[in-house]
Amino acid sequence: MSSPDPQVRAARNKSTSPPPRGPVVAVTGAASGVGALLTARLAASEEVKQVVAVDERRGECAEAEWHILDVRDPAIADRLRGADVVVHLALDLDLETDAAARTAYNVRGTQTVLTAAAAAGVHRVVLCTSTMVYGALPDNELPLSEDAELRATAEATGVGDLLEIERLARRAPRAHPGLNVTVVRPAVLVGGTDTALTRYFESPRLLVVAGSRPAWQFCHVEDLCSALEYAVLEKVDGELAVGCDGWLEQEEVEELSGIRRMELPSAVALGAAARLHRIGLTPSPAGDLAYTMYPWVVSGSRLHDAGWRPSYTNEEVLAQLLEEVSGRHTVAGRRLGRKDATAAGAAGATVALLGAAAVVRRARKARRRI
């Protein structure tokens with residue numbers, strides 16, 4: 001008796017093969033950004049049994065099972081039943097969002113997801129914050145250990161929300177015994193992102209505060225997704241920093257970018273930034289400047305010990321960032337339209353805005369002396 005055709009035999013084997021034995025993974029914020037990339041990555045993985053996608057609109061990944069709802073809705077617990085792992089990526093870090101509304105969404109959303117996951121019998125939740133939670137301080141070691149104290153303050157955009165998410169992560173296992181929480185902290189994220197730190201490279205001059213020593217470490221979104229996948233598959237846990245190996249000094253950034261610096265005294269730069277934000281001219285508070293002044297580079301040793309390696313170098317990610325922001329014009333964190341940039345001259349506008357704030361500050365001091 002002749003044996004079946006090899007293609008027929010392969011088809012039979014495929015039809016009778018058991019389904020993947022990996023975890024069922026739920027991803028919040030799955031329709032866009034990092035959430036969309038991770039959803040597609042996990043859906044294509046042979047190590048993942050199924051992907052449940054949660055967002056306020058349906059995304060493009062047809063292989064995922066979609067549930068359309070706000071992550072603050074307690075009904076999310078029903079959607080998470082049967083999931084082994086939840087990756088919570090539904091965060092609003094948009095510079096233009098009202099700060100109070102942003103905090104309400106980010107903190108309440110995380111609280112609801114953690115509580116719902118525990119109620120649904122999920123055994124692991126993966127949260128994503130940022131290495132910004134370590135704080136940018138002049139006495140930071142280079143690089144920082146992942147176990148370093150979180151010394152950031154709530155003065156920079158979104159950092160207060162991220163610190164609260166970190167606190168929720170630490171409390172969750174005590175409040176919900178059996179729930180494991182992993183926190184992934186990326187460095188400056190690049191790849192379709194818009195933050196105060198990516199806008200720094202949209203300026204015609206790189207603002208450098210006199211006497212500061214910046215150090216730049218980037219993280220490509222694809223590397224973040226691969227690190228999140230490591231956490232999902234339980235190849236690593238705990239508090240994880242993710243980014244390119246090493247860092248770039250400010251001088252290296254200027255040489256690679258071809259953008260010259262504009263150096264200002266600390267009092268002028270910080271005072272101007274605070275004034276411009278207070279009167280609504282810029283979306284970035286003065287606290288964002290610290291992250292361009294002092295180092296906040298991390299080692300990422302836990303992921304490395306687990307066998308993970310970044311696919312991109314700092315130089316490669318910086319090159320991609322510069323390509324993404326090409327043609328954009330930002331002054332002190334505020335985007336200018338093409339007409340504004342042409343009329344004002346972006347470099348001149350930067351000096352004018354910063355100088356105007358400094359002049360106002362000096363004038364007020366002079367009046368107080370009278």
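Owing to the predicted nature of the structure, the values given are computational and were not obtained by experimental measurement. We're numbering straight along the sequence, starting at 1.
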Do L142 and V253 land in one hydrophobic cluster if side-chain heavy atoms of ILVMFWY residues count as linked below 4.5 Å? no
Intermediate values then yes/no, salt bridge (Lys or Arg N to Asp or Glu O under 4.0 Å), R102 and E164: CA-CA 13 Å; R102 182 175 59 219; E164 184 57 32; over 6 Å; no
Do side-chain atoms of S203 reach the backbone of L206 as a donor and acceptor pair under 3.5 angstrom? no
Using side-chain contact (heavy atoms from CB on, under 4.5 Å), reason through C225 and L38 one step at a time and then give a plain yes or no. CA-CA 5 Å; C225 285; L38 181 66; 4.1 Å; yes
Using the rule given for side-chain contact (heavy atoms from CB on, under 4.5 Å), can you reason through D139 versus R151, listing the C-alpha separation, both sets of side-chain angles and the distance that settles it, and then say yes or no? CA-CA 11 Å; D139 62 344; R151 297 198 291 162; 2.9 Å; yes
Side-chain polar contacts of residues 289-298 - donor-acceptor pairs under 3.5 angstrom, sequence neighbours left out - could you list them?
residue	atom	partner	partner atom	Å
Y291	OH	M132	O	2.8
T292	OG1	L289	O	2.8
W296	NE1	Y291	O	3.0

Look only at the side chain of S212 and the backbone of P214, and say whether a donor-acceptor pair between them is shorter than 3.5 Å. no
Can you name the nearest heavy-atom pair linking V209 to S266, along with the distance? CG1-CA, 3.5 Å
Carefully, step by step, assess R261 and E251 under the rule salt bridge (Lys or Arg N to Asp or Glu O under 4.0 Å). CA-CA 9 Å; R261 69 168 59 193; E251 292 76 14; 3.5 Å; yes
Does D288 use its side chain to pair, donor to acceptor, with the backbone of A156 at less than 3.5 Å? no
Quick check: closest heavy atoms across F218 and N314, and the distance to 0.1 Å? N-OD1, 2.8 Å
Does E234 CD have over 12 foreign heavy atoms under 6.0 Å away? yes
Any side-chain to backbone donor/acceptor pair from E63 onto A40? Under 3.5 Å, distance only. no
Does the pair R41 and S226 meet the rule for a side-chain contact (heavy atoms from CB on, under 4.5 Å), with working shown? CA-CA 8 Å; R41 183 185 184 98; S226 68; 3.3 Å; yes
Do T112 and D73 make a side-chain contact, defined as non-hydrogen atoms from C-beta onward lying under 4.5 Å apart? no
Measuring from S45:OG to L233:CG, what's the distance to the nearest 0.5 Å? 6.0 Å
Do L168 and V86 share a hydrophobic cluster, counting only Ile, Leu, Val, Met, Phe, Trp and Tyr and linking them when any side-chain heavy atoms are less than 4.5 Å apart? yes
Are W66 and V87 in one and the same hydrophobic cluster, where Ile, Leu, Val, Met, Phe, Trp and Tyr link if side-chain heavy atoms are under 4.5 Å apart? no
Any chance you could measure E222, atom CD, to L37, atom CG, to the nearest 0.5 Å? 7.5 Å
CD/E263: more than 12 non-hydrogen atoms of other groups inside 6.0 Å: yes
So which heavy atom on A241 is nearest to which on T131, and how close? CB-CG2, 4.2 Å
Output the distance between atom CG (D161) and atom OG (S130), rounded to the nearest 0.5 Å. 12.0 Å
Under a 4.5 Å side-chain heavy-atom rule over Ile, Leu, Val, Met, Phe, Trp and Tyr, are V221 and V51 clustered together? yes
Side chains of D78 and H67: do they bring a donor and an acceptor to under 3.5 Å? no
Could you list the donor-acceptor pairs under 3.5 angstrom formed by side chains in residues 174-189, with sequence neighbours left out?
residue	atom	partner	partner atom	Å
R174	NH1	R170	O	3.3
T182	OG1	R124	NH1	2.8
R185	NE	E166	OE2	2.9
R185	NH1	Y134	OH	2.7
R185	NH2	E166	OE1	2.8

Common cluster, L197/L144, ILVMFWY with side-chain heavy-atom separation under 4.5 Å: yes
Let me confirm one number: the CZ-CG distance from R309 to D223, rounded to the nearest 0.5 Å. 12.0 Å
Counting only N and O atoms by type, is there a donor-acceptor contact under 3.5 Å from the side chain of E324 to the main-chain atoms of G192? yes
Could you tell me how the ring of F201 sits relative to the ring of W216: parallel (under 30°), tilted (30 to 60°) or perpendicular (over 60°)? perpendicular
For E323, is there any backbone N or O sitting under 3.5 Å from a side-chain donor or acceptor partner on S326? no
Decide yes or no on side-chain contact (heavy atoms from CB on, under 4.5 Å) for V27 and L89, but give the supporting numbers first. CA-CA 7 Å; V27 180; L89 297 174; 4.2 Å; yes
Do R199 and L95 have side chains that approach each other closer than 4.5 Å (heavy atoms only, starting at C-beta)? yes
Nearest-0.5 Å distance, CD of residue E249 to CZ of residue R213: 8.0 Å
Is there a side-chain contact between P285 and T157 (heavy atoms, below 4.5 Å)? yes
Atom OG of S32 and atom CZ of R57: how far apart are they, to the nearest 0.5 Å? 5.0 Å
With no hydrogens and no angle check, do the side chains of Q250 and E254 hold a donor and an acceptor under 3.5 Å apart? yes
More than 12 foreign heavy atoms under 6.0 Å from CZ of R260: is that the case here? no
So does I68 get a backbone contact from the side chain of R58, meaning a donor-acceptor N/O pair under 3.5 Å? no
Can you find a heavy atom in the side chain of P310 that is under 4.5 Å from one in the side chain of D245? yes
Sub-4.5 Å side-chain heavy-atom contact between K235 and E229: no
In terms of heavy-atom contacts, does CD of E56 have more than 12 from other residues, nucleotides or ligands at under 6.0 Å? yes
Let me know which of T110, D55, L91, T28 forms a side-chain contact (heavy atoms from CB on, under 4.5 Å) with V71. T28
Taking every non-hydrogen atom, the tightest pair across L303 and V242: CD1-CB, 3.8 Å
Of the non-hydrogen atoms in A120 and R81, which two are nearest, and what is the gap between them? CA-NH1, 3.6 Å
Side-chain contact test, heavy atoms from C-beta onward, threshold under 4.5 Å: evaluate it for L93 versus T195 and give yes or no. no
Taking all heavy atoms of L256 and all of L322, pick out the closest pair and write down the distance. O-CD1, 4.4 Å
State, with a plain yes or no, whether a side-chain heavy atom of S301 is found less than 4.5 Å away from one of E146. yes
